Amino acid sequence: MRRFLITGLAVLASTLAASADKLLEPALTVPPSQGDHPRVALTLDACMGDIDHRILDVLVSEAIPTTIFATARWLNHNPETIAVLAAHPELFDIQDHGRNHVPAVTGSEKPYGITPAGTLAAVDDEVLGGAEAILANFGRQPTWFRGATALYTPDAIAEIEHLGYRVAGFSLNADFGASASAETAQSRIASAKDGDVIIAHINQPGRPAGAGIAKGLLELHAKGYEFVRLGDLAP
């Protein structure tokens, strides 16, 4: 597997980072292509619940390299999907989405109404609990972490990095937490630009967004886009 130098990779605080007490939503891009085909990183969150086969089946049939951020909670619920992912190590890079899908936020603010970790000790438990589940199921230690809601307090980001993980932001939100319509999700995926890190969800088979994600990915693949995995980015 080729490795892509992290030179040119941007990890930037969003406009939410106007002051130190605000939540941060880090942005992330990958080095743009040096060839004729745009390069993107597809990252799919598996928070809880089931697997969306509309998306998974496209990833396998079209051989699209993908980074999946999985929680221990989701892994414990989906042993059959684990077997599929493990059977395709050349495609699927499994990274840490936490133990129980708890936001890596200290204090009492609830991003999107979700109760946060609250303390750095609880952030540690969320990060390390997710990593333990990945190691147990796939035999490898994750190197990236994305917290629930992808929002963080500054001290939580520092703690995650102290634990040895890189925080995975994104540059293109394709499905807005799987709440988008199929048409919107397809359009947003299809609009991906060279260097984008795409975020979407693969755990909501009952929502319309998944059908749009699958169609959008087929469009990008047909256009010759190059897909890279975060785990293949050199530090």
Side-chain angles (χ1 to χ4, degrees), residues 28 40-103 112-114 130 133-134 137-138 142 144-150 168-192 196-223 225 227-231:
L28 183 67
V40 296
L42 174 64
T43 69
L44 299 175
D45 289 0
C47 312
M48 58 196 78
D50 299 315
I51 182 67
D52 192 334
H53 275 284
R54 295 171 299 183
I55 301 173
L56 180 63
D57 292 352
V58 165
L59 299 177
V60 173
S61 66
E62 304 301 318
I64 296 175
T66 306
T67 304
I68 294 180
F69 283 91
T71 66
R73 181 176 178 179
W74 182 85
L75 291 170
N76 290 338
H77 185 71
N78 290 279
E80 292 183 0
T81 302
I82 290 173
V84 174
L85 300 178
H88 296 280
E90 76 287 0
L91 297 182
F92 299 114
D93 173 31
I94 313 302
Q95 298 289 347
D96 190 354
H97 199 33
R99 184 191 297 275
N100 286 310
H101 201 249
V102 175
Y112 300 106
I114 302 176
I134 292 169
N137 284 284
F138 296 97
W144 289 84
F145 176 81
R146 175 181 287 153
T149 75
F170 57 91
S171 60
L172 174 60
N173 191 334
D175 67 355
F176 304 108
S179 69
S181 68
E183 293 77 13
T184 296
Q186 179 180 354
S187 174
R188 291 187 66 80
I189 283 274
S191 73
D196 267 336
V197 173
I198 303 166
I199 184 175
H201 291 75
I202 196 170
N203 66 306
Q204 294 289 352
R207 296 188 183 181
I213 296 298
K215 290 180 180 178
L217 290 174
L218 287 171
E219 287 186 47
L220 293 186
H221 191 261
K223 292 176 182 176
Y225 273 61
F227 292 84
V228 299
R229 311 181 307 176
L230 295 187

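These numbers come from a predicted model, not from an experiment.
- You'll find the side chain of Thr81 reaches within 4.5 Å of the side chain of Leu56, heavy atoms only.
- The shortest side-chain heavy-atom distance between Arg188 and Phe176 falls under the 4.5 Å cut-off.
- A pairwise comparison of heavy atoms in Val58 and Ala214 identifies CG2-CB, 4.1 Å as the closest pair.
- Paired with Ile94 under the rule side-chain contact (heavy atoms from CB on, under 4.5 Å), one option of Thr66, Ile82, Thr67, Leu85 passes, and it is Leu85.
- In this structure, Phe92 and His88 have perpendicular ring planes: the angle between them is above 60°, well past the 30° mark.
- Nearest heavy atoms, Val40 versus Ala192: CG1-CB, 4.1 Å.
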Stepwise, does the side chain to side chain contact (heavy atoms under 4.5 Å, CB included) test hold for Leu75 with Phe138? CA-CA 11 Å; Leu75 291 170; Phe138 296 97; 3.9 Å; yes
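- Considering only heavy atoms from C-beta on, Phe69 stays 4.5 Å or farther from Phe145 through its side chain.
- For Asp93 and Gln95, the side-chain atoms include at least one donor-acceptor pair closer than 3.5 Å.
- Judged by distance alone, with hydrogens and angles left aside, the side-chain atoms of Asp96 form a donor-acceptor pair with the main-chain N or O of Gly98 at under 3.5 Å.
- Side-chain atoms of Leu28 and Phe170, non-hydrogen and from C-beta on, never get closer than 4.5 Å to each other.
- Residues Pro65 and Leu42 approach most closely at O-CB, 4.5 Å, considering heavy atoms.
- The shortest non-hydrogen separation linking Asp50 to Pro205 is CB-CG, 4.1 Å.
- The side-chain heavy atoms of Leu218 and Glu62, taken from C-beta on, include a pair separated by under 4.5 Å.
- Looking at Arg146 and Asp45, a side-chain N of the basic residue comes within less than 4.0 Å of a carboxylate O on the acidic one, giving a salt bridge.
- No side-chain donor-acceptor contact under 3.5 Å links Arg207 and Ser179.
- Using a 4.5 Å cut-off on side-chain heavy atoms (C-beta onward), Leu59 and Ile202 make contact.
- At a threshold of 4.5 Å between non-hydrogen side-chain atoms, the residues His53 and Ile51 count as touching.
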Between Thr184 and Ser187, does the side chain to side chain contact (heavy atoms under 4.5 Å, CB included) criterion hold? Intermediate values first, please. CA-CA 5 Å; Thr184 296; Ser187 174; 5.8 Å; no
When you look at Leu230 and Thr43, which way does the side chain to side chain contact (heavy atoms under 4.5 Å, CB included) test go after all the steps? CA-CA 8 Å; Leu230 295 187; Thr43 69; 4.0 Å; yes
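- Contact between Ala190 and Glu219 at its shortest, heavy atoms only, is CB-OE1, 3.5 Å.
- Residues Ile114 and Thr149 are in side-chain contact: their nearest non-hydrogen atoms beyond the backbone lie under 4.5 Å apart.
- Distance alone, capped at 3.5 Å, places no donor-acceptor pair between the Asn203 side chain and the Gly49 backbone.
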